[in-house]
Number of protein chains: 2
Amino acid sequence: MNLKTLARKLQLSQTTVSRALNGYPEVSEATRRRVEEAAREHNYRPNSRAKGLATGRAMVIGHVIPASTQHEMLNPVFGDFVAGASRAYATYGYDMMFTRVDDGDEEQIYHALAAKGSVDGVILQGPRVNDVRIPLLNRIGLPFIVHGRSSGIEENYCWVDVNNKRSFQRATEFLIDLGHKRIALINGLEDMDFAHRRREGYVEALKTAGIEPDPTLMRSAEMTEVYGHHETRAMLKMEEPPTAILAASMISAIGVRRAIDEAGLTLARDVSVITHDDDLSYLRNGSDVPIFTATRSSVQQAGEILSRMLIEKIEQPDAPNRNHMLEAELVVGRSTGPAPETRR
Amino acid sequence: MNLKTLARKLQLSQTTVSRALNGYPEVSEATRRRVEEAAREHNYRPNSRAKGLATGRAMVIGHVIPASTQHEMLNPVFGDFVAGASRAYATYGYDMMFTRVDDGDEEQIYHALAAKGSVDGVILQGPRVNDVRIPLLNRIGLPFIVHGRSSGIEENYCWVDVNNKRSFQRATEFLIDLGHKRIALINGLEDMDFAHRRREGYVEALKTAGIEPDPTLMRSAEMTEVYGHHETRAMLKMEEPPTAILAASMISAIGVRRAIDEAGLTLARDVSVITHDDDLSYLRNGSDVPIFTATRSSVQQAGEILSRMLIEKIEQPDAPNRNHMLEAELVVGRSTGPAPETRR
DNA sequence: GGCGCTTTCCAAAGCGCTTTGGATTTCCCT
DNA sequence: AGGGAAATCCAAAGCGCTTTGGAAAGCGCC
């Protein structure tokens, strides 16, 4: 069923039917009702490609997912983020499209998306330090918004980010206040901007407290469970092992915990752990009492805010770029306690 | 840059340029090269909506994601599945589109997708027992493939599934062979087909061994960490607690493990655990030695097979429906041991 | 009754591509 | 040289929608 046959069936012109369905005022309420009725009955929906061609709008938001460095899609954070984003899309009538990109082809892909006109805007996930995609997108002129920021990029762009530096600074201070001096950081990949900032916060808190940051206590990699386990096990075997560990995600914290258990140590008593908690639905930080002391910020909520802002940007291209900083809250759970030395 | 201006620039007709770019033989190699060169130089890409309108193909695969019962998207499995699928899409030139659907609107959504023509086919994720979406899609005539199967649906359809029944049957037998008699099942939601089948396998193994299934040892809910923890804690407080637990996913198994630790018991020695392992990239079951004994089947691989089969179906609509059964392998890790009674 | 205004509708152009049906040129062979 | 096949190109229609620029009808008003 297409417009033409529907119009013929109704003995009306395509124009009138189209206008009736799109809420234009030039059509009487009576015919509008008649048209809507018929549309429902015949299960008519305007062909999205034709509509897009005519309007120049795709009503689709693009997500470009790096493939070989597998961060984004495989990271459990991805699902929650997308769930949040989809909530906003659904209310505004947008669909979301994912395009996989192999490393190095990024410039290509963005050019292609813009030229093909298959999306009205894109969400830039997982920004790195000095991320070239930002100037690229500005140059191309495709509306975009960044989930996170990019240190080193001076250009003006739209972003939503968690205050990663502050939250890890606070977490570190919290441990210092508990008497810890050997505090390890099991960070994400530090070319990722969020990890870069977290490290800054961690280092700054240490320095402020007069503790010299120890490079052997700072690790960086993709935030898997196995990674958390591996690094913790290694560090616990050190001559002066850490008494506290900052982990980058719930998943890696689970690995940290496994290593602590295996070493015959007790969480909180022997080794304190603080993790960042993205508040993932499938991996809640406990039910009533949090398992881990954590810096918490819902990535699902971030997704929703982000996509809403992008849609606003698409619909009002000339509005100035907006930003939104989310503060992570520090929730105290069962994984932290006074430093062992302090106790004696 | 569009076809028209590109053609004008080349002093050629649109027809010739289009044919040159789409590999038709009616154009000389010389002009083809000239055209390709110019297209590259001007960064020309055919507008996907216009192309779609003309060809009747969207080159997009749809994923419909249930929203309120949040299983699919939030489940960490989602990311890995999509990553696998995207690999196939990328090689065949398809994009993937996600549409969020609130409960009850499913019929609507599929009708809309088909009528709007915004996708060439859909992947049906998370089939339930007696899933009405299958007859619906058959009726609508939109190409689709099911990730899993649906018990109770007799219609002919295309699917890829893990042999869930067999794998849980084997896992249960494995525990029985170790002397366990009180074996608990912490299952997923049992209106989901995969969970339904796992339970069948579990029950059948028990009965075959002459063990009467105990309803108090069978739990069912969404497979979160907190759920695994909660049910395990409850069961360990029973008069006759289980000596072995079958968990439905790595995430819930982590919760199971946490409850065992908290109860002061030791994994494998006091309580054995087997889990299903979807081989998620961020949640590998250990590095060299598996953490958990598990039935393992890569969901990423499933995604790839599934999307490839769907594309084949789209490109050859008249080919008969194909199916693909994946066998989960049983990997023995450090979470299982002989039943406590047996040891004395 | 004729004028202007609003209401209601329509024919046709245009979005950017593919594809049909032909036209033109080149080439080879007898 | 002439005829047919092969190679190369093109004009125009069509995909299904929106939107422009009017036209027709209905209305009150002087």
Side-chain angles (χ1 to χ4, degrees), chain A residues 1-36 38-39 42-60 93 95 111-120 315, chain B residues 1-36 38-39 42-60 93 95 111-120 315:
Chain A
M1 176 60 57
N2 57 16
L3 231 209
K4 197 154 132 195
T5 66
L6 182 67
R8 206 160 36 214
K9 208 156 256 170
L10 282 163
Q11 309 256 52
L12 288 171
S13 76
Q14 295 192 36
T15 312
T16 306
V17 176
S18 169
R19 290 200 155 143
L21 293 174
N22 289 311
Y24 280 72
E26 297 96 329
V27 46
S28 74
E29 268 316 305
T31 48
R32 187 191 305 281
R33 262 197 298 278
R34 203 160 67 90
V35 169
E36 279 172 348
H42 294 95
N43 220 313
Y44 168 78
R45 257 105 176 175
N47 180 293
S48 58
R49 291 190 297 275
K51 185 164 186 164
L53 232 206
T55 58
R57 293 273 305 271
M59 297 307 284
V60 174
D95 283 312
H111 267 124
L113 279 181
K116 292 197 302 180
S118 37
V119 301
D120 296 319
E315 302 192 339
Chain B
M1 175 60 56
N2 58 15
L3 232 209
K4 197 153 131 193
T5 67
L6 182 67
R8 206 160 36 213
K9 208 157 256 169
L10 281 162
Q11 310 255 52
L12 288 171
S13 76
Q14 295 193 36
T15 311
T16 305
V17 176
S18 168
R19 289 199 155 144
L21 293 174
N22 289 311
Y24 282 71
E26 297 96 328
V27 45
S28 74
E29 268 317 305
T31 48
R32 188 191 304 282
R33 261 197 299 278
R34 203 160 67 90
V35 170
E36 280 172 347
H42 295 93
N43 221 313
Y44 168 77
R45 257 102 176 179
N47 179 293
S48 58
R49 290 190 298 275
K51 185 164 186 164
L53 232 205
T55 58
R57 293 273 306 272
M59 297 306 284
V60 175
D95 283 311
H111 266 125
L113 279 180
K116 292 197 302 181
S118 37
V119 301
D120 298 318
E315 302 192 338

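Keep in mind it's a predicted model, so treat the numbers as computed, not measured. Residue numbers start from 1 in every chain, and the chains themselves are labelled A, B, ... in the order their sequence lines are given, proteins ahead of strands.
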In whole Å, I'd like the distance from the [atom1] atom of [X] to the [atom2] atom of [N].
X: A:R45; N: D:dT18; atom1: CZ; atom2: P; value: 15 Å
X: A:L3; N: D:dT19; atom1: CG; atom2: C1'; value: 12 Å
X: A:L10; N: C:dC9; atom1: CG; atom2: P; value: 11 Å
X: B:K51; N: C:dC17; atom1: NZ; atom2: P; value: 9 Å
X: A:K4; N: C:dA12; atom1: NZ; atom2: C1'; value: 13 Å
X: B:N47; N: C:dG16; atom1: CG; atom2: C1'; value: 6 Å
X: A:R57; N: D:dC17; atom1: CZ; atom2: P; value: 18 Å
X: B:R8; N: D:dA11; atom1: CZ; atom2: P; value: 12 Å

**Prompt:** Of B:T55 and B:V27, whose nearest nucleotide on DNA chain D comes first from the 5' end?
**Reply:** B:V27

**Prompt:** With side chains defined as the heavy atoms from C-beta onward, is the minimum distance between B:D95 and A:K116 less than 4.5 Å?
**Reply:**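 Yes, close enough: below the 4.5 Å cut-off.
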
**Near-strand residues of residues 11-22 of chain B, defined as heavy-atom separation under 4.0 angstrom from DNA chain D** = B:Q11, B:L12, B:S13, B:T15, B:T16, B:R19

Between [X] (side chain) and [Y] (backbone), is there a donor-acceptor pair under 3.5 Å?
X: A:R45; Y: B:A115; result: no
X: A:T55; Y: A:K51; result: yes
X: A:R49; Y: B:G117; result: yes

**Prompt:** Does B:T31 make a side-chain N or O approach to OP1 or OP2 of D:dC9 shorter than 4.0 Å?
**Reply:** yes

**Prompt:** Within the structure, does a side-chain N or O atom of B:Y24 lie under 4.0 Å from either OP1 or OP2 of D:dA7?
**Reply:**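 False: B:Y24 side-chain N/O out of range (4.0 Å or more) of D:dA7 OP1/OP2.
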
**Asked** Cut-off 3.5 Å, side chains only: do B:S18 and B:T15 have a donor facing an acceptor?
**Response**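 On atom types as modelled, these side chains do not qualify, holding no pair under 3.5 Å.
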
**Request:** Could you please name the option among D:dC9, C:dC17, D:dT18 that lies closest to any side-chain atom of B:E26?
**Result:** D:dC9

**Request:** Output the single nucleotide from D:dC17, C:dC17, D:dC9 whose closest atom is nearest the side chain of B:N2.
**Result:** C:dC17

**Prompt:** With a 4.0 Å cut-off, would you call A:R34 and A:E29 a salt bridge?
**Reply:** no

**Asked** Is any NZ, NE, NH1 or NH2 atom of the basic residue among B:R32 and B:E26 found under 4.0 Å from an Asp or Glu carboxylate oxygen of the other?
**Response** no

